[in-house]
Amino acid sequence: MNYVFGIDGGGTKTTCILMDENSVVLGRGEAGPSNYQTLGIDTAKQSIQLAIERAVMSAKIEADSTINIDAICLGLAGVGRPKDIEIVQFVVQNLQLAKNLPVTRSFLPRNIVICSDCAIALVGATGNPVGVAVISGTGSIVFGQNRQGKTKRVGGWGYILGDEGSGYDIAVSGLQAALKFCDGREEFTLLAQKFQQHLRLNNLEELVDVVYRRGWGVTEIAALAPIVDRAAAEGDRVADSIISRAVAELTFSTKTAISELFSPREEFEIAIVGGVWGGEANCRGRFESAISAIAPNAKVILPRSEPAVGAALLALNALKN
């Protein structure tokens, strides 16, 4: 029996999946963030190590048994340059499994897979590398791969240069619309009242203190996107236009990826990933309607599994090939 590790490493947490050759998940572990570019190699290594240990412990392998891990896949944010891959390979080669764990490892170079977090999100969502993942959470990016192995990435340039259609983009647009209404530059919108109540402000001018003086970052601002979504669901015209624009941006990015990867009548799946899709303003329905005109045989789905499972499946694929 062959066994693999699949690891999803990001700026918030690291998840490890222990899977057998039959694609059965035996264990799962979580640890802290592992983005080495912002945290350093040592911190990333510690988080990956701890996630692995917790995945093995959760598997409850019999005390008198020892299994060997034959392959590993790490899907990490921002990994794309050869230098990045070399650094992560170094981290993998220096991983030490705790002596009290019932596992050993023997990773051949060809069985160490290092790829972007988008690639494992696609495989986790669809169960295979073919298709398109439209990711819209705090940030946004579209990633696809066709049956010939060609890949295409659209967006993902960060909150300053891009991330159109993301939670951050929606939230900032909503805040701006609320302030424009207060200035008299924008039509009436429920967003002014909703932001004021949610943030417990005496007036919207206090947004300056919240956003600038408290040092709010991307994550805190993006967390306000559901307020815009709810206002749109309640019929607020300004909020609805923001949601419509976000969906249009995501649709256009998806269209761009599809045009390079698939023929007009080809069948494939489009997985919508991230918190923006779970709102009340029917983002999914709007997106499906727009996509049906672009790729009539494509099927829009919710993810079947998490990205770490996708990483494990890619590790298994490395063993088979």
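All heavy atoms count here, side chains included; hydrogens, waters and symmetry mates do not.
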Enumerate, atom names and distances included, each donor-acceptor pair closer than 3.5 Å involving a side-chain atom of residues 314-321, sequence neighbours excluded.
residue: Asn317; atom: OD1; partner: Asn321; partner atom: ND2; Å: 3.4
residue: Asn321; atom: ND2; partner: Asn317; partner atom: O; Å: 3.3

List the steps and the verdict of salt bridge (charged side-chain N to carboxylate O under 4.0 Å, His left out) for Glu306 and Arg28.
CA-CA 11 Å; Glu306 63 179 309; Arg28 184 182 186 279; 2.7 Å; yes
Provide the full list of ring pair (Phe, Tyr, Trp, His ring centres under 6.0 Å) pairs with a residue in residues 193-240, sequence neighbours left out, each pair given once.
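The answer is none; no pair qualifies.
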Spell out, as yes or no, whether a donor-acceptor pair under 3.5 Å connects the side chain of [X] to the backbone of [Y].
| X | Y | result |
| --- | --- | --- |
| Asp20 | Asn22 | yes |
| Asn146 | Lys150 | yes |
| Ser47 | Thr43 | yes |
| Glu186 | Lys180 | no |
| Asp8 | Thr15 | no |
| Gln196 | Asn202 | yes |
| Arg54 | Glu30 | yes |
| Trp277 | Leu302 | no |
| Arg153 | Phe143 | no |
| Ser253 | Leu250 | no |

Transitive ILVMFWY side-chain link Ile291 to Val142, under 4.5 Å:
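Yes, Ile291 and Val142 fall within the same hydrophobic cluster.
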Kindly indicate whether the side chain of [X], heavy atoms from C-beta on, has any atom under 4.5 Å from the side chain of [Y].
| X | Y | answer |
| --- | --- | --- |
| Tyr3 | Val103 | no |
| Val130 | Phe262 | yes |
| Val218 | Tyr159 | yes |

Atom pair [atom1] ([X]) and [atom2] ([Y]), whose distance is rounded to the nearest 0.5 Å:
| X | Y | atom1 | atom2 | answer |
| --- | --- | --- | --- | --- |
| Ile61 | Ile67 | CD1 | CD1 | 3.5 Å |
| Leu199 | Leu175 | CG | CG | 8.0 Å |
| Ile7 | Ile72 | CD1 | CD1 | 4.0 Å |
| Ile258 | Glu260 | CD1 | CD | 11.5 Å |
| Leu261 | Thr256 | CG | OG1 | 10.5 Å |
| Ile114 | Ile112 | CD1 | CD1 | 6.5 Å |

What side-chain hydrogen bond (donor to acceptor under 3.5 Å, both in side chains) pairs are there with at least one residue in residues 132-143, not counting sequence neighbours?
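Matches after skipping sequence neighbours: none remain.
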Is there a side-chain contact (heavy atoms from CB on, under 4.5 Å) between Ser166 and Val276 once you walk through the steps?
CA-CA 7 Å; Ser166 67; Val276 166; 5.8 Å; no
Under 3.5 Å, sequence neighbours excluded: what are the donor-acceptor pairs made by side chains of residues 223-244?
residue: Asp229; atom: OD1; partner: Ala281; partner atom: N; Å: 3.2
residue: Asp229; atom: OD2; partner: Glu280; partner atom: N; Å: 2.5
residue: Asp229; atom: OD2; partner: Ala281; partner atom: N; Å: 3.4
residue: Glu234; atom: OE1; partner: Lys194; partner atom: NZ; Å: 3.2
residue: Glu234; atom: OE2; partner: Lys194; partner atom: NZ; Å: 3.2
residue: Asp236; atom: OD1; partner: Thr189; partner atom: OG1; Å: 3.4
residue: Asp236; atom: OD1; partner: Leu190; partner atom: N; Å: 2.7
residue: Asp236; atom: OD2; partner: Thr189; partner atom: OG1; Å: 2.9
residue: Asp236; atom: OD2; partner: Val238; partner atom: N; Å: 3.3
residue: Asp236; atom: OD2; partner: Ala239; partner atom: N; Å: 2.8
residue: Arg237; atom: NE; partner: Glu187; partner atom: OE1; Å: 3.0
residue: Arg237; atom: NH2; partner: Glu187; partner atom: OE1; Å: 2.8
residue: Arg237; atom: NH2; partner: Glu187; partner atom: OE2; Å: 3.4
residue: Asp240; atom: OD1; partner: Arg286; partner atom: NH1; Å: 3.4
residue: Asp240; atom: OD1; partner: Arg286; partner atom: NH2; Å: 2.6
residue: Ser241; atom: OG; partner: Val238; partner atom: O; Å: 2.6
residue: Ser244; atom: OG; partner: Asp240; partner atom: O; Å: 3.0
residue: Ser244; atom: OG; partner: Arg286; partner atom: NH1; Å: 2.7

Phe5 and side-chain contact (heavy atoms from CB on, under 4.5 Å): which single residue from Val92, Leu18, Ile17, Ile48 fits?
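Result for side-chain contact (heavy atoms from CB on, under 4.5 Å) with Phe5: Leu18.
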If you measure from the Lys or Arg side-chain nitrogens to the Asp or Glu carboxylate oxygens, is any gap between Arg147 and Glu266 under 4.0 Å?
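Salt bridge between Arg147 and Glu266, a charged N being under 4.0 Å from a carboxylate O: yes.
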Are side-chain N/O atoms of Thr14 and Ser34 paired as donor and acceptor at under 3.5 Å?
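Note: Thr14 and Ser34 side chains meet the donor-acceptor criterion.
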State which residues pass salt bridge (charged side-chain N to carboxylate O under 4.0 Å, His left out) with Arg245; sequence neighbours excluded, sorted by chain then number.
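Result, salt bridge (charged side-chain N to carboxylate O under 4.0 Å, His left out) vs Arg245: none returned.
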Please identify each residue that fulfils salt bridge (charged side-chain N to carboxylate O under 4.0 Å, His left out) with Asp183, with sequence neighbours left out.
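With neighbours one apart ignored, the set is Arg185.
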